[in-house]
Amino acid sequence: MTILTHKLGGLAAGTIVAAAYIDKPVFAGVALASAYIGCSFPDIDSRHSYISHKLPLTALCIWLA
């Protein structure tokens, strides 16, 4: 998957969770933002992924583990 598909999947999942918190907009915003930010972390162990280029030390530690 590319970073675009990860971001779209994160937004979709975040929207579903945010819909459960429709009466609490702060929680809905946190859920949406967390899903959007966290959706690229599954590929951190890939050396050529977007997130491993943004966090190279973290990616290296995970790759070595």
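Bear in mind that the values here come from a model prediction, so they are computed numbers and not experimental data.
A distance of 8.5 Å separates SG in C39 from CG in L8, rounded to the nearest 0.5 Å. Put simply, CG on L32 and CD1 on I16 are 11.5 Å apart, with the number rounded to the nearest 0.5 Å. With rounding to the nearest 0.5 Å, the separation of NZ in K7 from CD1 in I37 is 7.5 Å. Between the SG atom in C61 and the CG atom in L55 there is a gap of 11.0 Å [rounded to 0.5 Å]. Here K54 contributes atom NZ and I51 contributes atom CD1; the two are 9.0 Å apart, rounded to the nearest 0.5 Å.
The backbone N or O of S49 sits less than 3.5 Å from a side-chain atom of S52, completing a donor-acceptor pair.
Pairing each heavy atom of G10 with each of A35, the nearest pair is O-CB, 3.2 Å.
For H53, the NE2 atom is densely surrounded, since the number of other residues' heavy atoms within 6.0 Å is greater than 12.
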